[in-house]
Amino acid sequence: MSCTGLGLFMLYSRYFIPTIKENPSDAEVVSHQLMLRAGMIRKLASGIYNYLPLGLRSIRKFENIVREEMNRAGAIEMLMPSVQPAELWQESGRWSFYGKELLRFKDRKDAEFCMGPTHEEVITDMVRREIKSYRQMPLNFYQVQTKFRDEIRPRFGLMRGREFIMKDAYSFDVDSLAADLSYEKMFNAYMRIFERCGLNFRAVEADTGSIGGSSSHEFMVLADSGEDAIVSCDACRYAANVEKAESPLFTAHTTAAPLLLEKVSTPDKKTIAEVAEFLAVAPEATIKSMVYASDTGDLVMALLRGDHELNELKLKNHLGWDEIVMASEEQIFACTGSPVGYLGPIGLTKDIPVIADRVVQNMANVVLGANEKDQHYINGVPGRDFAVTCFADIRTVEAGDACPRCASGKLEMWRGIEVGHVFKLGIKYSKALSATYLDAQGKEQIIFMGCYGIGIGRTVAAAIEQNHDENGIIFPLPIAPFHCSVVAVNTKDAAVMAASEEIYRTLEGLGVEVLFDDRDERPGIKFKDNDLIGIPLRIVVGSKGLAEGKVEVKIRATGEMLLVPLEEVAATVRQLIDTALAGKE
RNA sequence: CGGUGAGUAGCGCAGCCUGGUAGCGCACCUGCCUUGGGAGCAGGGGGUCGCUGGUUCGAUUCCAGUCUCACCGACCA
């Protein structure tokens with residue numbers, strides 16, 4: 001019997017799910033491998049992908065959750081162009097600041113354009129033209145758009161593409177206080193979005209990067225393959241990206257009596273570990289000195305306790321530099337007169353700022369480089385033996401550090417995938433682009449902005465990263481491409497096909513998204529494919545079960561198997577889906 | 001852009017060192033067989049060996065250049 005008759009749309013045999021048995025050699029992370037293997041995506045060029053039907057379905061599912069929650073939070077959907085004129089970017093100052101990541105090109109008239117990597121300029125331009133009065137705010141516009149960022153190193157499939165789908169939203173408020181409220185609304189909407197997807201995530205305090213603004217939170221899906229390190233307190237709500245995480249404020253001042261500074265020979269001992277071992281002291285009793293350079297050639301020396309790591313971002317932000325890199329050997333020699341390995345703050349040949357981590361303030365009798373090959377000092381005391389321009393928090397926090405916010409907590413460390421980011425922008429863009437309004441007194445004021453992004457493809461990838469097993473993807477129901485599949489074990493068995501078709505039609509009637517695996521393949525192939533593509537529920541119709549009037553419902557996530565009478569299966573499946581979605585819509 | 005490695009059939013790879021006939025597994029097509037976890041047998045199609053140039057009677061193989069891709073460091077949803 002034929003089941004390719006009219007009315008059955010989601011036939012596996014007529015659909016397009018090109019699965020791959022072997023692992024593609026260039027896929028590094030699980031989500032990338034599985035999305036390729038499950039026939040969700042295919043690469044067109046580096047960091048640029050085709051979304052195949054199955055991948056698109058999943059992406060659309062997530063987009064719609066995002067839309068629902070954005071709408072619920074009062075944001076308004078619109079759509080901005082992906083091609084943007086250079087003038088706007090020149091006006092905001094980012095045409096020069098953004099660098100090579102911004103893909104630029106010219107039209108036939110030689111006018112300059114770029115592929116939009118983000119849309120602050122465009123939305124602010126629209127708002128400045130349309131919004132004139134405090135009565136028109138608050139406003140929050142959002143869109144789901146394809147962005148392009150010419151990443152230096154695209155990788156991990158949809159996790160870090162150059163072209164990617166992003167939901168971005170922009171809020172406009174009369175003042176800082178109102179903007180805080182908009183921010184909070186978005187923060188809460190984001191919490192709901194990722195909770196609805198069943199993801200294990202953390203909202204963490206974050207650096208604002210090139211977007212700018214005063215404060216921001218990142219939404220991080222926890223995964224070992226994540227590109228970011230984050231910390232969270234085991235006692236309070238504090239959580240932050242390691243880039244941003246504050247180290248604990250107080251460390252005990254040493255009680256040791258100051259000893260006399262003394263130069264000692266340390267032949268070929270360059271690293272902290274080597275020096276500490278050679279002098280038989282703990283790394284905690286040493287200070288390491290590093291020289292950093294800005295893009296404009298400014299130099300600075302950073303001082304840290306020997307066992308601590310520098311946080312370059314903190315140092316960069318502290319100095320207010322645009323760029324920070326480790327100084328070259330020539331630059332180092334120019335200001336210390338010493339080769340790398342023996343650097344220290346005593347006897348610098350050039351007057352450069354010395355920034356010390358706060359912990360250093362409370363140390364005494366430390367080991368320091370002597371700015372001379374094979375020489376170190378012992379018993380150095382900050383303030384007595386060398387001057388420090390200022391003390392600042394410039395070290396990278398570690399797991400087990402005391403929480404900077406609460407008395408009792410310790411920091412735990414995780415890897416995370418950044419799937420969302422919310423920013424308080426303040427007036428950075430509205431000022432640059434003169435987006436103003438008249439207040440109740442008729443006085444001109446600058447609009448306060450916020451911006452809020454979610455990586456759509458990246459979130460789907462992160463969900464896979466967090467939900468898979470050796471057989472493939474285990475989609476959380478809310479973003480699964482289909483709720484369930486009907487697998488006809490033997491397509492040559494007319495009774496099996498009739499029953500399968502009946503179940504398929506009934507499920508569709510109940511609003512269930514169902515894929516009918518009608519392929520004339522061996523059962524093993526069908527089971528493997530259904531597992532691989534991660535369909536949450538699988539209904540198996542086989543000759544033996546059918547003889548007893550029963551079919552099988554298998555739950556992908558748990559492996560649990562239910563034998564259900566034929567006439568009840570549709571209702572059972574609907575029930576399972578409703579339960580899984582309960583409280584999530 | 002810097003460092004490392006790789007480009008040979010749709011996918012995964014061998015061959016190259018030591019130049020002469022391009023090969024294996026999977027996938028694909030035909031037939032038989034098979035139908036509860038990626039079966040079996042038989043037959044078949046598919047490659048300007050990334051590109052350009054050089055050496056040579058002859059280059060997938062040697063040389064030079066070039067492009068592309070992946071991995072390791074700075075950006076970011």
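The chains referred to below are lettered A, B, ... by the order of the sequence lines, with proteins before strands, and numbering in each begins at 1. Scope of the values below: all heavy atoms of this structure, side chains included, with no hydrogens, waters or symmetry mates.
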For A:Phe164 and B:rA77, do the ring centres fall under 5.5 Å apart while the planes stay under 30° apart? yes
Rounding to a whole Å, what distance do you find between A:Glu101:CD and B:rC75:C1'? 5 Å
If pairing means Watson-Crick or G-U wobble with both distances under 3.5 Å, then the partner of B:rU68 is B:rA6
Any A:Ser25 side-chain nitrogen or oxygen under 4.0 Å from OP1 or OP2 of B:rC13: yes
Remember a base hit wins even if backbone is also touched, and classify A:Ile454 as base, sugar-phosphate or nothing at under 4.0 Å, heavy atoms. nothing
Enclosure of A:Asn188 CG (heavy-atom neighbours >12, cutoff 6.0 Å): yes
To the nearest angstrom, the NZ-C1' distance between A:Lys492 and B:rC33 comes to 11 Å
Strictly below 4.0 Å: does A:Lys544 bring a side-chain N or O up to OP1 or OP2 of B:rU35? no
Reckon A:Arg522 has a side-chain N or O less than 4.0 Å from the OP1 or OP2 of B:rA39? yes
Hey, does A:Glu28 reach any base, or is it just sugar-phosphate, or nothing, if we go heavy atoms under 4.0 Å? sugar-phosphate
Would you measure the distance from the C1' atom in B:rC51 across to the matching atom in B:rC57 and give it in whole Å? 25 Å
Interatomic distance, A:Arg149 CZ vs B:rA74 P [rounded to whole Å]: 18 Å
For a quick check under 3.5 Å, do A:Tyr190 and A:His217 share a side-chain donor-acceptor pair by atom type? no
Does B:rA74 have OP1 or OP2 under 4.0 Å away from a side-chain N or O of A:Arg153? no
Which whole number of Å gives the distance between the C1' atom of B:rC26 and that of B:rC63? 36 Å
For the P atoms, the ones on B:rC28 and on B:rU68, what distance do you get once it is rounded to whole angstrom? 34 Å
Distance under 6.0 Å and angle within 45° of ring axis: A:Arg104 vs A:Trp89: no
B:rA70 phosphate, OP1 or OP2, under 4.0 Å from A:Ser46 side-chain N/O: yes
Compare the minimum distances between each of B:rG37, B:rC11, B:rC69 and the side chain of A:Lys43, then state the nucleotide with the smallest one. B:rC69
Under 4.0 Å, heavy atoms only, any strand: does A:Asp228 hit a base, just the sugar-phosphate, or nothing? base
Heavy atoms from other residues, nucleotides or ligands near NZ of A:Lys185 exceed 12 (cutoff 6.0 Å): no
Provide, to the nearest angstrom, the distance between the CZ atom belonging to A:Phe156 and the C1' atom belonging to B:rA77. 15 Å
At 4.0 Å (heavy atoms only), tell me whether A:Val540 reaches a base, stays on the sugar-phosphate, or touches nothing. base
Give every donor-acceptor pair under 3.5 Å between a side-chain atom in residues 523-539 of chain A and any protein atom, sequence neighbours left out.
residue	atom	partner	partner atom	Å
A:Lys526	NZ	A:Ala488	O	2.7
A:Lys526	NZ	A:Arg519	O	2.5
A:Asp529	OD1	A:Thr19	OG1	2.9
A:Asp529	OD2	A:Arg519	NH1	2.9
A:Asp529	OD2	A:Arg519	NH2	3.3
A:Asn530	OD1	A:Ser485	OG	2.7
A:Asn530	ND2	A:Asp517	OD2	3.1
A:Asn530	ND2	A:Lys526	O	2.7
A:Asp531	OD1	A:Arg538	NH1	3.4

Have a look at A:Glu312 and say if it touches a base, only the backbone sugar-phosphate, or nothing, with a 4.0 Å heavy-atom cut-off. nothing
Categorize A:Gly542 for me: base, sugar-phosphate, or nothing, with a 4.0 angstrom heavy-atom threshold over every strand shown. base
Closest non-hydrogen atoms of A:Met159 and A:Ser31, given as atom of the first, atom of the second and distance, are CE-OG, 3.6 Å
Can you tell me how far C1' of B:rU35 sits from CG of A:Asp518, to the nearest Å? 15 Å
Taking atom P of B:rC76 as reference, at what distance in whole Å does atom CD of A:Glu227 sit? 13 Å
Can you tell me the Watson-Crick or wobble partner of B:rC17, both distances under 3.5 angstrom? none
For A:Gly161, which contact category applies under a 4.0 Å heavy-atom criterion: base, sugar-phosphate, or nothing? base
When you get a sec, tell me which of B:rG36, B:rC69, B:rG38 is the closest nucleotide to the side chain of A:Val489? B:rG36
Can you tell me the pairing partner of B:rG53 across any strand shown, Watson-Crick or G-U wobble, with both distances under 3.5 angstrom? B:rC63
When all nucleic acid strands are considered with a 4.0 Å heavy-atom cut-off, which category describes A:Arg538: base, sugar-phosphate, or nothing? base
Across all strands shown, which nucleotide pairs with B:rG45 by Watson-Crick or G-U wobble geometry, both distances under 3.5 Å? none
Salt bridge (charged side-chain N to carboxylate O under 4.0 Å, His left out) with A:Asp357: which residues, sequence neighbours excluded? none
P-based separation of B:rA27 from B:rC11 [nearest Å]: 15 Å
Under 3.5 Å donor-acceptor pair, A:Arg458 side-chain atoms to B:rC76 base atoms: yes
Would you say the side chain of A:Glu22 and the base of B:rG25 hold a donor-acceptor pair, judged only by whether the two atoms sit under 3.5 Å apart? yes
Using the closest heavy atom to pick a nucleotide of RNA chain B for each, name whichever of A:Asn471 or A:Pro24 lands nearer the 5' end. A:Pro24
Heavy atoms under 4.0 Å, any strand shown: does A:Lys554 hit a base, just sugar-phosphate, or nothing? base
Touch check for A:Asp168, heavy atoms < 4.0 angstrom, all strands: base, sugar-phosphate only, or nothing? nothing
What's the gap between B:rG47 and B:rG23 when it is taken at their C1' atoms, as a whole Å value? 11 Å
State whether a side-chain donor-acceptor pair under 3.5 Å links A:His421 with A:Glu418. yes
A:Lys316, NZ atom: more than 12 neighbouring heavy atoms under 6.0 Å: yes
Considering every strand and a 4.0 Å limit on heavy-atom distances, what is the contact class for A:Asp531: base, sugar-phosphate, or nothing? base
Would you indicate which nucleotide in B:rC26, B:rG37, B:rA77 comes nearest to any side-chain atom of A:Glu151? B:rA77
Return the value, rounded to whole Å, for the distance between atom CG of A:Asp529 and atom P of B:rA27. 12 Å
For A:Lys147, which contact category applies under a 4.0 Å heavy-atom criterion: base, sugar-phosphate, or nothing? nothing
Out of B:rC11, B:rG36, B:rC71, which has the shortest distance to the side chain of A:Glu552? B:rG36
Can you tell me how far C1' in B:rG19 sits from the matching atom in B:rC62, rounded to whole Å? 8 Å
Relative to the 5' end of RNA chain B, which residue comes earlier, A:Phe527 or A:Arg155, by the nucleotide with the nearest heavy atom? A:Phe527
P gap between B:rA42 and B:rG37, integer Å: 24 Å
Take atom C1' in B:rA59 and the same atom in B:rU18, then report the distance between them in whole Å. 14 Å
Whole-Å distance, A:Leu532 CG to B:rC26 P, equals 19 Å
